[in-house]
2 protein chains.
Amino acid sequence: MNPERAKVTIFDVAEHAGVSIKTVSRVVNNEPNVRENTRERVMLAVRELRYQPNAAARELSGKRSRIIGLIYENAEEFSYLNDVFNGALGICEPAGYSLLLRPLTLPDPEIIDHIRQFATNARVEGIVLPAPMGDLPEVSGLLREMRIPFAAITPREPDPDEINILCNDEAASHALTELLIHQGHDAIGFIKGHPDHGASHKRFAGYRRALKQHGVAYAPRLVRQGYFDFESGRIAAGRMLDLPDPPSAVLASNDDMAAGAIFAARKRGLNVPGELSIAGFDDTRFSSRIWPPLTTVRQPIAQMAETAAALLIDKLNGHSTEAPDAPFECEVVIRESTAPLHPA
Amino acid sequence: MNPERAKVTIFDVAEHAGVSIKTVSRVVNNEPNVRENTRERVMLAVRELRYQPNAAARELSGKRSRIIGLIYENAEEFSYLNDVFNGALGICEPAGYSLLLRPLTLPDPEIIDHIRQFATNARVEGIVLPAPMGDLPEVSGLLREMRIPFAAITPREPDPDEINILCNDEAASHALTELLIHQGHDAIGFIKGHPDHGASHKRFAGYRRALKQHGVAYAPRLVRQGYFDFESGRIAAGRMLDLPDPPSAVLASNDDMAAGAIFAARKRGLNVPGELSIAGFDDTRFSSRIWPPLTTVRQPIAQMAETAAALLIDKLNGHSTEAPDAPFECEVVIRESTAPLHPA
DNA sequence: AATCTATTTGACAGCGCTGTCAGCTTGCTG
DNA sequence: CAGCAAGCTGACAGCGCTGTCAAATAGATT
């Protein structure tokens, strides 16, 4: 199919450098026990001939595919995945790994079969699991059983034997709630995230802790279930705003839902933030571009994905790097969708 | 590393079915000249043993990697890529192909080297080029020279020997401009897209054609260069709005820039669409969620990517499917960011 | 039944690389 | 300068599959 390509083999290089193919292999793979002189000669030949090892042969012979899988939920929300892809790819490429994507539409009754097939068929060595994949016990259970190393980017409790990338969701949510309290709000609505996502629970926990700490009463009527999408945010916010005693501030568990809340407020003729403060979570690309720009929490998603990929590759290569000792830090970003409460 | 996996080889299946490995190979690859009886026996063995062919061995032996590359610009805009990824993956998976991503940050002076390396190193059989990759002559030139089949999703002039997925950008832009003219606007600003994108020129052409057709004077001061990003839209719109005789409507070449225009209008206290109508292009996920929801043009991006991948795979397999005879249809979506002009 | 042709099947040689292990060089040590 | 360990290098056997080509079988024809 491509006559021009892939012509140069290890034999050509060996001949050109006057060594055996095994020595070329050693040099190319950075193995020890090659005299500096020899190494240079081989490297020269490699460059001159533009030699690129045949990945299929390598895999067949060496049992290493150098492929990492990334299983993700094929949801609407894509800003998060954008960062995950970029972070993971940024690490894989220079490390000589390929990244293979596997979208999954949740809920998926055949998820086990799908993943099993992906793992064997695509011959991945390891798998990155961004949220919410890492939250699903059947997924991590299967991978464990198949003995496929994986790195979960998820706020669940860490397992010391597995790679877990965490961030301090709970603390960030606490800080954001505290901000609203300090601005004088005492009727603060909360829109929960999808119950299957670990992050949802962490964020709710931070909210409750802040209320408690500052002596603000917890009002169940001001807490609504959402599912991380715009529509559920719009609906949940609408319900709260139609209450006889509506909240003066709403904290949504992500920015999509916060955008939905803004939409709901505007439909009701409410000024944001004059009459209603709204804050979100995630700082997606659009959070600063809607009106008013959203107060939110920024997570270092790309960095987390980079770390996940890097630790996974280290593990695959037998370097047992230690996981970062502290969770990644989220950062509260204050913009114009929140304001101090002016008593009526 | 994974002792449980990939144990069953073609030999096991052959033995189990009482045939030679070659016959198993024939059955697995759907080759002709196998008696039905034999085929069934082999299939049974395949199922019983859960045989999955080793991709590396296949590739090494057969020269077919069953991998397709996707080279894309690693820009902020991700809604477009989301659809492209999903569309392409949806076709590749069932066809037994893997999709390998290769982000590129433009402009990239070493783009040729990067692509060359990707193509050989990742041993892709073919490549999908979403916009703006298909617009760059050095990219398509290199692939042509390397004899790597590719499918370009781009509005350039089609080459009958190559796979080109088109949509009627020009006509859609014409229709959108016409809509504004019919609403009474006669001072219609236009924010151009990035000059390296073929779509930019098509969209501008549609705008001009509509003006001409309806006898609206073309005013160069109402045309500004943008680069498809929010900021450039904000700035370009700002310049026009600060003119002594500002436009009553602004057409932006994509929704990011339209969002920027809305932002600029709002900063100047202008009501949209009361005092300024704004329309965009693309219908990204956020276009219906900002305030006011954007009038825009929707392209069937996922479908286009599906078609690109499908045609490419057909080509790789020697089935010379014909390209669709007509370009894909864009659709004008009218929302609340545009309104009829009320004379002052 | 013998002959011929078309169809089906199998033996075997690679594909390009890495792992194993044996053999050859060094550079010391005594 | 012999003797030896440590450092280098190379020969060769696979890895699991597909392509080639020859052999076996079935089916058609006389």
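FYI, side chains are in, hydrogens and waters are out, and symmetry mates aren't considered; it's all heavy atoms of this structure. A, B, ... follow the sequence lines: proteins, then strands. Residue 1 opens every chain. Treat the numbers as computed from the prediction; the structure is a model and nothing was measured.
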*Round to a whole Å and report the spacing from CG of D12(A) to P of dC17(C).*
9 Å
*Could you give the CG-to-P distance, from N54(B) to dG14(D), as a whole number of Å?*
17 Å
_Contact check, side chains of P149(B) and L316(B), non-hydrogen atoms, under 4.5 Å_ = yes
*Nucleotide dG16(C), atom C1' - distance to OH of Y51(A) in whole Å*: 7 Å
*Check Y80(A) against A131(A) and note the closest heavy-atom contact, atom names and distance.*
OH-N, 3.1 Å
*Residue-level proximity of residues 17-27 of chain B to DNA chain D when a heavy atom falls under 4.0 Å*: I21(B), K22(B), S25(B)
_For a 4.5 angstrom cut-off between non-hydrogen side-chain atoms, does V124(A) reach F118(A)?_
yes
*Rounded to whole angstroms, how far apart are CD on E59(A) and C1' on dG16(D)?*
11 Å
*Within the structure, does a side-chain N or O atom of N33(A) lie under 4.0 Å from either OP1 or OP2 of dA6(D)?*
no
*Could you give the CZ-to-C1' distance, from F11(A) to dG14(C), as a whole number of Å?*
11 Å
*Round to a whole Å and report the spacing from CG of N37(A) to P of dT25(C).*
16 Å
*Which comes earlier along DNA chain D counting from the 5' end, the contact point of L60(B) or that of E31(B), where each point is its nearest nucleotide?*
L60(B)
_Whole angstrom value for the distance that separates C1' of dT8(C) from CZ of R41(B)_ = 12 Å
*Kindly say if T38(A) contacts the phosphate of dT9(D), meaning a side-chain N or O under 4.0 Å from OP1 or OP2.*
yes
*Let me know, please, whether S61(B) or R35(B) comes out on the 5' side of the other along DNA chain C by nearest nucleotide.*
R35(B)
*Tell me: CD1 of I10(A) to P of dG19(C), nearest whole Å?*
11 Å
*Tell me which of P32(B) and A57(A) sits closer to the 5' end of DNA chain C, going by the nucleotide each one is nearest to.*
P32(B)
